[in-house]
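When a ligand or atom number is given, it counts from 1 through the structure's own listing order. Note that these values count all heavy atoms, side chains included, but never hydrogens, waters or copies made by symmetry.
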Amino acid sequence: MSKLTPPLPRFLRPAPPRPGRRPAPGDNGTGPPGRRTGGKRKRGRVLRDGAAEGGTAAVGWLDERSGLSPFLRGFLFRKVPKGTDWFHTLGSATMFAFVSQAVTGVFLAMYYEPDPSRAYESASYITNEVFLGELVRGMHKWGATVMIVLVFLHMGRTFVFGAYKYPRELNWVIGVVLLILTLAMGFTGYLLPFDQRSFWATVVGVNINASGPLIGPYLAEFLRGGAEFGTTTLTRFYALHMLLIPGLIGALIGAHLYLVAKLGTTAPPWLKAEKKELSREEL
Ligand code: HEM
């Protein structure tokens, strides 16, 4: 183990053998309570210790084969700078919103049909007939807005704290791609209910894309799945919305977090200012 690896947390360390406990012949400590083992309390303790040791053994088994624990310990028990506060939770909040979108999206995909003649009916069916369907659809719809608000707040925080500077430029660039992909999730998801509003809003959105320089017309044709809005447009948006874009977001969040763990987070700028003032006083 490297010197920099933080120690294993107490709940994962194997319990030391209890002094003075000599098992009677044939008593492996898990037998039924009785005079010999000291009654209910002792049996409860034995079971609890057994369960804890079982858990530790399972973690040990997994660690021996995967070698994950130094990485996880470094990631979960790393030092954070002085002044770390609620502003630093915005990235994790964005990630939580993404996970919530992925989970609710899986349940919606169990009932939604990406066929122009069935999409609207299947979405209405989810709201009106499926058990908790309205709740799950509402969570997914409002969760999209929440994720977009959070990603902007998180970006604002990293900008104000100067976290885009050396050596975190690459993480900023990954963040920009994540922002674009998050907005693309909102755009591709908007068409799926396939009502009048979502249809015409998407027509407008695709036309705006078409007016972009150089790649604009190609991008619009790719999104439509042809020269005109047709049956392939909906299936294309569905595939982008539930396979390609979330897959990319998941992979990029992995890279983003790897860099956060490797480079650490940035202290608030007002702490640095305080430090400077102090050193000036000292001079
Ligand atoms: C799906 C979207 C995103 C997720 C899930 C996400 C997640 C995170 C998490 C969990 C952290 C560590 C905790 C924190 O500092 O808040 C972080 C840090 C960071 N993120 Fe993001 N992020 C996302 C988008 C963005 C965007 C849009 C940008 C900027 C364009 C960005 C730039 C950064 C930077 C520079 C750091 C390092 C912060 C520091 O050194 O203090 N991220 N991100």
Side-chain angles (χ1 to χ4, degrees), residues 4-6 9 68 70-109 139-190 192 205 209 237-276:
L4 292 172
T5 314
L68 269 177
F71 169 76
L72 284 178
R73 253 182 284 158
F75 188 72
L76 297 173
F77 301 98
R78 65 184 194 279
K79 290 202 168 81
V80 293
K82 207 176 155 204
T84 296
D85 56 15
W86 285 99
F87 290 120
H88 288 82
T89 60
L90 288 166
S92 313
T94 314
M95 198 163 61
F96 177 79
F98 174 68
V99 171
S100 163
Q101 289 302 91
V103 171
T104 49
V106 166
F107 286 107
L108 292 176
M139 280 175 73
H140 198 74
K141 184 189 162 184
W142 288 104
T145 307
V146 167
M147 184 171 169
I148 290 171
V149 170
L150 284 172
V151 82
F152 273 109
L153 289 176
H154 169 60
M155 183 173 73
R157 194 289 283 175
T158 51
F159 179 74
V160 171
F161 281 35
Y164 55 86
K165 293 180 198 163
Y166 176 83
R168 298 186 181 82
E169 303 95 320
L170 179 60
N171 221 14
W172 175 266
V173 172
I174 293 177
V176 171
V177 180
L178 279 169
L179 175 72
I180 294 169
L181 290 174
T182 307
L183 296 177
M185 278 299 270
F187 182 60
T188 50
Y190 203 79
L192 303 184
N209 275 291
F237 269 56
Y238 185 56
L240 292 174
H241 184 76
M242 67 165 282
L243 293 172
L244 183 69
I245 306 176
L248 288 175
I249 292 183
L252 286 176
I253 287 179
H256 202 61
L257 292 187
Y258 166 75
L259 288 178
V260 168
K262 189 175 159 55
L263 305 170
T265 45
T266 310
W270 48 88
L271 276 194
K272 284 176 202 161
E274 263 173 32
K275 239 189 193 169
K276 263 184 207 152

#### Entry: Sub-4.0 Å atoms of ligand 1 with respect to non-hydrogen atoms of Arg168
40 (O)
### Summary
Leu179 heavy atoms within 4.0 Å reach ligand 1 at atoms 27 (C)
### Task
Any atoms of ligand 1 less than 4.0 Å from a non-hydrogen atom of Arg157? List them with their elements.
14 (C), 15 (O), 16 (O), 38 (C), 39 (C), 41 (O)
### Query
Should His241 and Phe187 count as side-chain neighbours, where that means a heavy-atom distance under 4.5 Å?
no
### Query
Tell me: protein heavy atom nearest atom 13 (C) of ligand 1, and distance?
His88 O, 3.5 Å
### Query
If you measure from CG on Leu257 to CG on Leu252, what distance do you get to the nearest 0.5 Å?
11.0 Å
### Task
Could you tell me the separation between the OG1 atom of Thr94 and the NE2 atom of His256, rounded to the nearest 0.5 Å?
8.5 Å
### Message
Would the distance check show the side chain of Thr84 and the main-chain N or O of Val80 forming a donor-acceptor pair, the cut-off being under 3.5 Å?
### Response
no
### Task
Please check if the distance between the ring centroids of Phe161 and His88 is under 6.0 Å.
yes
### Query
If hydrogens are left out, which of Ile180, Leu170, Val260, Asn171 has an atom nearest to atom 11 (C) of ligand 1, that is, the closest non-hydrogen atom?
Val260
### Summary
Under 4.0 Å from one or more heavy atoms of Val151, ligand 1 contributes atoms 2 (C), 24 (C), 27 (C)
### Minimum-distance protein heavy atom relative to atom 28 (C) of ligand 1
Gly175 CA, 3.4 Å
### Message
So, 4.0 Å and heavy atoms of Ala97: is ligand 1 close enough to count as a contact?
### Response
no
#### Entry: Met155 neighbourhood, listing ligand 1 atoms whose heavy-atom distance to it stays under 4.0 Å
29 (C), 30 (C)
### Summary
Near Ile253 (heavy-atom distance under 4.0 Å), the atoms of ligand 1 are 5 (C)
### Query
Would you say the side-chain atoms of Thr158 pair up with the backbone N or O of His154, donor to acceptor, closer than 3.5 Å?
yes
### Task
Measure the spacing between CG of Leu183 and CG of Leu178 and express it to the nearest 0.5 Å.
11.0 Å
### Query
Any idea which atoms of ligand 1 are less than 4.0 Å away from a heavy-atom of Gly264?
40 (O)
### Residue, atom name and distance, where the atom is the protein heavy atom closest to atom 41 (O) of ligand 1
Thr266 N, 2.8 Å
### Query
What are the two closest heavy atoms between Pro246 and Phe98, and how far apart are they?
O-CZ, 3.7 Å
### Task
Name the option, out of Ala93, Pro268, Gly91, that contains the heavy atom nearest to atom 9 (C) of ligand 1.
Gly91
### Message
Taking 4.0 angstrom as the limit and counting only heavy atoms of Ala163, give me the atoms of ligand 1 inside it, by number and element.
### Response
35 (C), 38 (C), 39 (C), 40 (O), 41 (O)
### Query
Going by heavy atoms, is Leu257 under 4.0 Å from ligand 1?
yes
### Query
Where atom 21 (Fe) of ligand 1 is the corner point, what angle links NE2 of His154 with NE2 of His256, to 10°?
170°
### Query
Looking only at heavy atoms, is any part of Thr158 under 4.0 Å from ligand 1, and if so is it the side chain, the backbone, or both, or is it neither?
side chain
#### Entry: Spacing of Leu240 atom CG and Met185 atom CE [to the nearest 0.5 Å]
10.0 Å
### Message
Can you tell me which portion of Val176 lies within the under-4.0 Å heavy-atom range of ligand 1? Options are side chain, backbone, both, or neither.
### Response
both
### Query
Does Trp172 come within less than 4.0 Å of ligand 1, judged by its heavy atoms?
yes
### Task
State whether the side chain of Arg168 and the backbone N or O of Leu263 hold a donor-acceptor pair below 3.5 Å, judged by distance alone.
yes
### Task
Look at the side chain of Gln101 and the backbone N and O of His140, then say whether any donor-acceptor pair between them is shorter than 3.5 Å.
yes
